[in-house]
Enquirer: 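Have a look at this one before I ask anything.
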2 protein chains.
Amino acid sequence: MLTVDAVVFGYTKEKGISVLLVKRKYPPFQGKWALPGGFVDEGESLEDAVARELKEETGIEVGYMEQLYTFGKPDRDPRKHIVAVAYFALVRPETVTLVADTDAEEAAWFPVEGLQDLAFDHDAILQMAIERVRNKLTYEPIGFELLEEKFPFSDLEHLYTSLIALETGENLPKFMERRNFKKKFMSLGILEELDDYLHYPGSGRPARLYRFNEKAYYAYKKRKGMGFEL
Amino acid sequence: MLTVDAVVFGYTKEKGISVLLVKRKYPPFQGKWALPGGFVDEGESLEDAVARELKEETGIEVGYMEQLYTFGKPDRDPRKHIVAVAYFALVRPETVTLVADTDAEEAAWFPVEGLQDLAFDHDAILQMAIERVRNKLTYEPIGFELLEEKFPFSDLEHLYTSLIALETGENLPKFMERRNFKKKFMSLGILEELDDYLHYPGSGRPARLYRFNEKAYYAYKKRKGMGFEL
DNA sequence: ACAAAAGTGTTGTAGATACACCCATGT
DNA sequence: ACATGGGTGTATCTACAACACTTTTGT
C-alpha cells in the first residue's frame with residue numbers, strides 16, 4: 001500500500017508562506033485538514049501520481065516539485081501499514097484556482113506559521129518540508145518559483161526573511177541585513193534589473209522590478225561549483 | 001510492492017571508498033552484482049526492513065544510516081512495478097565480517113571508482129548515494145563513521161580527498177590544501193588530540209592520533225547554527 | 001510637511017587562500 | 001644518507017558584517 005502526499009507551498013506578500021490543504025471527506029480523520037495525496041496506481045510513476053492527485057483534489061498544477069522523504073512507520077495510518085512518499089512543490093498562488101473534488105470536501109491555503117493538528121503524520125511531513133525549503137533557499141534559486149515573473153526586490157527579501165524566520169526563532173542570519181542581502185544577491189548576476197516600476201497605491205516610493213535570469217544562473221553554475229551559496 | 005535497498009559505504013586507506021554488493025542468485029539479473037535489499041514486510045518499518053535485509057544478505061550491522069531517495073519508475077524492475085526506498089549507510093569495514101546467505105550468492109566490497117553495470121537501476125542509486133555522502137561530508141561530521149575510533153589526521157584528510165575527488169574530476173576545492181584543511185578542521189574544536197602515535201612500519205614519521213569528540217560537536221552545534229560548514 | 005517604503009556606500013574584520021621548508025622514523 | 005610520510009607559520013586578499021541617511025511617492 002503506497003501513497004504519495006504533496007506539500008504545496010505558496011507565497012503572498014500579505015499572508016506570507018502558505019500551504020495547500022484539503023479537508024478529509026471520509027474516515028479516518030474525517031473533517032480534518034490534510035495534505036493532498038492518495039494511492040499510487042499500478043504502473044504509475046510517483047511523480048505522475050502526485051500530479052494526478054493534486055489535479056483531482058485541488059485542481060492545480062505546480063511549477064516546481066521535488067521528492068521530500070518517505071514515511072513508513074507502520075502506525076502512521078490507523079487502518080493499516082501504508083507507506084507515503086512525500087513531495088514538496090512550489091506554486092504562485094495567483095496563477096491557480098482551487099477546486100474541491102471527489103475525495104476532498106474543500107481545498108484551501110493556510111499560512112504555515114503555527115499550523116498543526118493535521119491528519120495522519122502530516123504535521124511532521126509539513127515540518128520537514130518547511131525545513132527543506134528553508135535550507136534549499138540558501139543554495140538554490142528556488143524562491144523565484146513562488147514569486148511573480150517580475151517582482152520588486154522587496155518581495156524577494158520579504159520571502160526570504162519570512163521563510164528563514166519560521167522556526168529560526170526570529171533571529172535572522174546576518175546576510176539578511178537589507179543592504180548586504182541585496183548586494184550579495186545582485187553580485188550573483190542572476191537577476192535582471194528591468195525598467196519597469198511597480199507602485200502599490202497608498203504608500204511609498206515605486207519599486208523597480210526584477211526578473212530571474214535562468215540563463216545567467218546556468219552560466220553562474222558553470223562558473224562556480226553549483227548552487228549559489230547565500 | 002515495496003522494497004528497500006542499502007548503499008553501504010566503507011573506507012580503507014588502501015582501497016579508498018568501497019560499497020557493499022551482493023551477487024544475485026536468482027533472476028532477474030541472475031549473477032549480477034546488486035545493492036543488498038529486499039521486500040518490506042507488512043507492519044515492518046522501513047529502517048527495520050533495511051537492517052534485517054542487510055543482516056540476512058551480508059551479515060553486517062551498520063553504524064550510521066539515512067534515507068536517500070525513493071525510486072518508483074514503473075520499469076525499474078523488469079518483472080513488475082516495484083518501488084524501492086534506498087538508504088545509505090556508513091560502516092568501518094574492519095569491524096564487520098561478511099557472510100553470504102539465502103538470497104545472495106556472495107557479498108563483497110567494491111571500490112566505487114568507475115563501478116557500473118549493477119542490477120536494476122542500482123547504478124543510478126549508487127551515483128546518488130555518492131553525491132549525497134560527498135555533500136554531507138562538508139556540513140556534517142559523518143566521515144568519522146568510516147574511520148577507526150582513533151585515527152591519524154592523514155586518514156581523515158585522505159578520506160575527504162578521495163571522496164571529494166570522485167566525479168569532481170580531480171580538481172579539489174581549495175580548502176582541501178593540506179595545511180588549510182587541518183587548520184580549519186582543528187579550529188572547529190571537535191577533534192581530540194591524543195597522546196597516542198601510530199607508526200606504519202616501513203615508512204615515515206609516526207602520526208599522532210585523533211578522536212572525534214561528540215560532546216564537543218554538540219557544543220559546537222549549539223554555538224554555531226548547525227552543521228559545520230567546511 | 002509628514003508618513004511609508006525604496007534605495008544606496010564605506011569601512012573594519014575575520015576567515016580563506018597561497019605558499020615551502022623541517023621532522024621523525026626505517027632501511 | 002636517503003626515502004617516506006608527518007607536521008607546521010605567515011602574509012595577502014577577499015568576502016562578510018555593521019552601520020544611517022536620502023529619495024520618491026501619496027495624503
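Here the structure is a predicted model, which means the values were calculated and not measured. Reminder, nothing fancy here: chain letters follow the sequence lines and each chain counts from 1.
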Enquirer: Using the side chain to side chain contact (heavy atoms under 4.5 Å, CB included) rule, pick out the option among Val133(A), Val112(A), Thr12(A) that qualifies with Ile17(A).
Expert: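 Of the listed residues Val133(A), Val112(A), Thr12(A), the side chain to side chain contact (heavy atoms under 4.5 Å, CB included) partner of Ile17(A) is Val112(A).
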
Enquirer: Return yes if the base of dA20(C) and the side-chain atoms of Arg179(B) contain a donor-acceptor N/O pair under 3.5 Å, otherwise no.
Expert: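 In this structure, the two groups form a donor-acceptor pair.
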
Enquirer: Examine Lys184(B) relative to Phe175(B) and say whether NZ or CZ is less than 6.0 Å from the centre of the six-membered ring and inside a 45° cone about the ring axis.
Expert: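 Here Lys184(B) fails the 6.0 Å and 45° test against Phe175(B).
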
Enquirer: For a quick check of understanding: with a heavy-atom distance under 4.0 Å over all strands, which category does Phe175(A) fall into, base, sugar-phosphate or nothing?
Expert: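 Sugar-phosphate only.
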
Enquirer: Whole angstrom is fine here: how far is it from NE2 in His158(A) over to C1' in dA6(C)?
Expert: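 Atom-to-atom, His158(A) to dA6(C), this comes out as 15 Å.
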
Enquirer: Return the 5'-most residue of the pair Pro206(A), Met176(A) with respect to DNA chain D, ranking by each residue's nearest nucleotide.
Expert: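 On the 5' side of the pair lies Met176(A).
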
Enquirer: Below the 4.0 Å mark, does dG26(D) have OP1 or OP2 next to a side-chain nitrogen or oxygen of Ser203(A)?
Expert: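 Negative; the distance criterion is not met.
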
Enquirer: Please report, rounded to the nearest Å, how far the P atom of dT25(D) is from the OH atom of Tyr197(A).
Expert: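 About 9 Å, once rounded to whole Å.
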
Enquirer: Using a heavy-atom cut-off of under 4.0 Å over every strand shown, decide if Lys184(B) touches base, sugar-phosphate, or nothing.
Expert: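 Contact class for Lys184(B): sugar-phosphate only.
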
Enquirer: How would you label the contact of Lys183(B) with the nucleic acid (heavy atoms, under 4.0 Å): base, sugar-phosphate, or nothing?
Expert: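 Base contact - Lys183(B) has a heavy atom under 4.0 Å of at least one base atom.
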
Enquirer: How many Å lie between CG on Asn180(B) and P on dT12(D), as a whole number?
Expert: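 Distance, rounded to whole Å: 16 Å.
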
Enquirer: Can you check the Phe185(B) CZ to dG7(D) P distance for me, whole Å?
Expert: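 After rounding, the reported distance stands at 15 Å.
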
Enquirer: At under 4.0 Å, does any side-chain N or O of Ser154(A) touch on OP1 or OP2 of dA5(C)?
Expert: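 Result: no.
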
Enquirer: Starting from P on dG7(D), measure out to CD on Glu193(B) and report it in whole angstrom.
Expert: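 It works out to 9 Å between those atoms.
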
Enquirer: Give the rounded distance in Å between these two atoms: CD of Glu157(B) and C1' of dG5(D).
Expert: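 For the pair Glu157(B) CD and dG5(D) C1', the rounded distance is 11 Å.
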
Enquirer: Report the residue (Tyr210(B) or His199(A)) whose heavy-atom-nearest nucleotide on DNA chain D is the more 5′ of the two.
Expert: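 Comparing both residues, the 5'-ward one is Tyr210(B).
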
Enquirer: Consider the side chain of Arg205(A), meaning its heavy atoms from C-beta on, and name the nucleotide among dG9(C), dT23(D), dG7(D) that approaches it most closely.
Expert: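 Among the listed nucleotides, the one closest to the side chain of Arg205(A) is dT23(D).
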
Enquirer: In whole Å, I'd like the distance from the CG atom of Leu194(A) to the P atom of dA6(C).
Expert: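 The distance from CG of Leu194(A) to P of dA6(C) comes to 16 Å, rounded to the nearest Å.
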
Enquirer: When the distance from NZ of Lys13(A) to C1' of dA5(C) is rounded to whole Å, what number comes out?
Expert: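 Roughly 11 Å, once rounded to whole Å.
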
Enquirer: Any cation-pi pair here, Lys221(B) with Phe228(B), using under 6.0 Å and within 45°?
Expert: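 No cation-pi geometry.
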
Enquirer: Among Leu191(A), Leu198(A), Leu146(A), which one satisfies side chain to side chain contact (heavy atoms under 4.5 Å, CB included) with Phe151(A)?
Expert: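 Going through Leu191(A), Leu198(A), Leu146(A) one by one, the side chain to side chain contact (heavy atoms under 4.5 Å, CB included) with Phe151(A) is satisfied by Leu191(A) alone.
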
Enquirer: Using a heavy-atom cut-off of under 4.0 Å over every strand shown, decide if Arg178(A) touches base, sugar-phosphate, or nothing.
Expert: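 Since a base atom lies under 4.0 Å of Arg178(A), the category is base.
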
Enquirer: Might you confirm whether atom NZ of Lys136(B) has over 12 heavy atoms from other residues, nucleotides or ligands at distances under 6.0 Å?
Expert: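 Counting neighbours around NZ of Lys136(B), more than 12 heavy atoms of other residues, nucleotides or ligands fall under 6.0 Å, so yes.
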
